[in-house]
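Okay, structure first, notes after.
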Amino acid sequence: MIYQGVYRRMPSLWCRLHSTYVKKMRYLSELKEDDVFCKQAQNSGTFYLFHNLSPFLQKVGSKYLAPQISVAEIKMALGRFKENEKIIEDSVLIGCSDECMAYFALDLGSLEKSAIESEFKGSFTELRKAFFQLDGRDAPLLSSAQALLRWHDTHQYCSKTGQPIKKNLAGSKRVCHTNGIIYYPQMSPAVITLVSDGSRCLLARQASFPKGMYSALAGFCDVGETLEETVRREVAEEVGLEVESLWYSASQHWPFLNSSLMIAYHARVQPQQTKININKLELEAASWFSLEEVVEALRRGAKSLKQENGNFSFYVPPKWAIAHQLIQEWVKQQQSVPV
Ligand SMILES: NC(=O)C1=CN([C@@H]2O[C@H](COP(=O)(O)OP(=O)(O)OC[C@H]3O[C@@H](n4cnc5c(N)ncnc54)[C@H](O)[C@@H]3O)[C@@H](O)[C@H]2O)C=CC1
Ligand SMILES: [Mg+2]
């Protein structure tokens with residue numbers, strides 16, 4: 001790597017030569033490759049704390065904030081709890097500031113939860129509960145931090161030799177020193193598809209969703225499939241429809257239940273082939289919704305109101321979820337179609 005080490009020898013020259021984004025990406029890449037450099041970064045970096053995978057948060061009004069805690073504060077607290085400072089090396093690198101101050105995530109699950117909560121004045125909150133009230137920058141950061149911490153927690157041994165595998169300092173891989181096998185953190189690719197027949201869109205719910213919430217169709221990729229094949233198969237499996245055309249929208253890391261990469265598509269079915277046939281093993285309900293109904297659901301937010309006919313009105317996933325973005329895009333696209 002041509003830039004290897006230049007950052008450390010001539011930081012000011014290096015910073016003048018590169019945009020902030022390029023500088024940050026190269027800095028992070030170097031930290032992943034070099035344990036000594038990463039150790040230095042740990043000694044001047046800031047930390048997001050977790051306890052058994054629940055992030056440490058402070059509630060401000062209706063919002064949750066994830067405070068960054070300095071290494072000095074963590075060392076002081078560890079001293080008070082009589083815990084070895086070496087635990088800091090279990091942290092994982094999750095990003096850096098524009099000034100190249102590294103961010104790490106550290107799980108303090110071995111310490112007493114309430115003691116850390118009163119030390120740092122906040123609480124460890126289940127990510128699923130807090131996710132949608134998090135600040136715009138914190139949500140993706142905590143989502144990837146939790147996924148990385150979970151992966152390290154569940155991948156402690158080599159699946160070939162059964163020997164313990166060792167994390168590099170940044171946490172970007174684990175290595176079996178008996179046979180040199182390198183393990184990289186995994187995530188499962190999954191597609192999410194908003195199906196339309198040209199004037200309506202199809203939303204569905206699983207029994208496990210909160211009452212009243214409907215979303216786009218989602219499903220994991222099978223080995224060997226292209227993303228387009230997954231979209232077609234999932235739509236056929238879950239609602240018995242054949243996709244005529246599809247186009248890519250965007251992607252998102254999704255931490256629940258395990259780490260997934262959600263790849264989002266819009267799809268069209270033929271207007272004369274819209275009869276839904278639900279796979280009851282996967283879905284509780286699925287229906288076509290008009291533009292007016294979807295616009296009203298977006299406006300209402302996360303509330304399911306009882307209507308005059310006794311049925312409950314539906315709502316859609318909150319704005320951080322890529323399903324929400326697909327639905328917003330569909331609405332915009334419908335509203336721009338001349339009538
Ligand atoms: N970000 C968003 O807006 C949304 C995200 N999602 C996420 O999409 C993902 C996929 O949706 P589902 O309908 O549950 O998938 P799915 O339709 O493929 O069904 C889940 C089943 O697939 C099997 N499966 C195959 N490969 C798997 C893997 N790598 N990991 C786990 N299970 C696997 C399991 O039997 C599991 O019960 C879920 O993680 C869900 O949380 C779902 C809706 C909205
Ligand atoms: Mg599904």
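Remember, it's 1-based here, ligands and their atoms both numbered in the order they're listed.
No N or O atom of Ile192 sits closer than 3.5 Å to an N or O atom of ligand 1. Ligand 1 has no nitrogen or oxygen under 3.5 angstrom from a nitrogen or oxygen of Ala216.
Checked options His152, Gln42, Lys167; the residue passing with Ser91 is Gln42 (criterion: side-chain hydrogen bond (donor to acceptor under 3.5 Å, both in side chains)). Between Met187 and the choices Pro255, Ser260, Ser144, Ser259, the side chain to side chain contact (heavy atoms under 4.5 Å, CB included) rule is met once, by Ser259.
Atom 13 (O) of ligand 1 has its closest protein heavy atom at Gln206 NE2, 2.8 Å. Nearest protein neighbour of atom 31 (C) of ligand 1, counting heavy atoms only, is Phe220 CE1, 3.3 Å. Given atom 6 (N) of ligand 1, the protein heavy atom at minimum distance is Met262 CE, 3.7 Å. Distance from atom 42 (C) of ligand 1 to its nearest protein heavy atom, with residue and atom name: Ala218 CB, 3.6 Å. Protein heavy atom nearest atom 19 (O) of ligand 1, with residue, atom name and distance: Glu282 OE1, 3.9 Å. Closest protein heavy atom to atom 16 (P) of ligand 1: Gly219 CA, 3.6 Å.
Around the CD atom of Gln272, the shell of radius 6.0 Å holds more than 12 heavy atoms that belong to other residues, nucleotides or ligands.
Within the 4.5 Å cutoff, no side-chain heavy atoms of Leu246 are placed close to those of Thr193.
Listed by chain and number, the protein N, O or S atoms at a distance under 2.8 Å from the Mg ion (ligand 2) are Ala218 O, Glu238 OE2.
When heavy-atom distances to ligand 1 are checked against a 4.0 Å cut-off, Gln252 comes that close only through its side chain, counted from C-beta outward. Of all the heavy atoms of Ala323, the ones lying under 4.0 Å from any atom of ligand 1 are found in both the backbone and the side chain.
Counting only residues at least two apart or in different chains, ring-ring contact (aromatic ring centres under 6.0 Å, His included) contacts with residues 54-88 comprise Phe56-Phe124.
A salt bridge links Glu89 to Lys39: at least one charged side-chain nitrogen sits closer than 4.0 Å to a carboxylate oxygen. Ion pairing of Glu284 with Arg205 is present here, as a side-chain N (NZ or NE/NH1/NH2) and a carboxylate O approach within less than 4.0 Å.
Comparing Arg205, Glu238, Arg233 against atom 17 (O) of ligand 1, the shortest heavy-atom distance belongs to Glu238.
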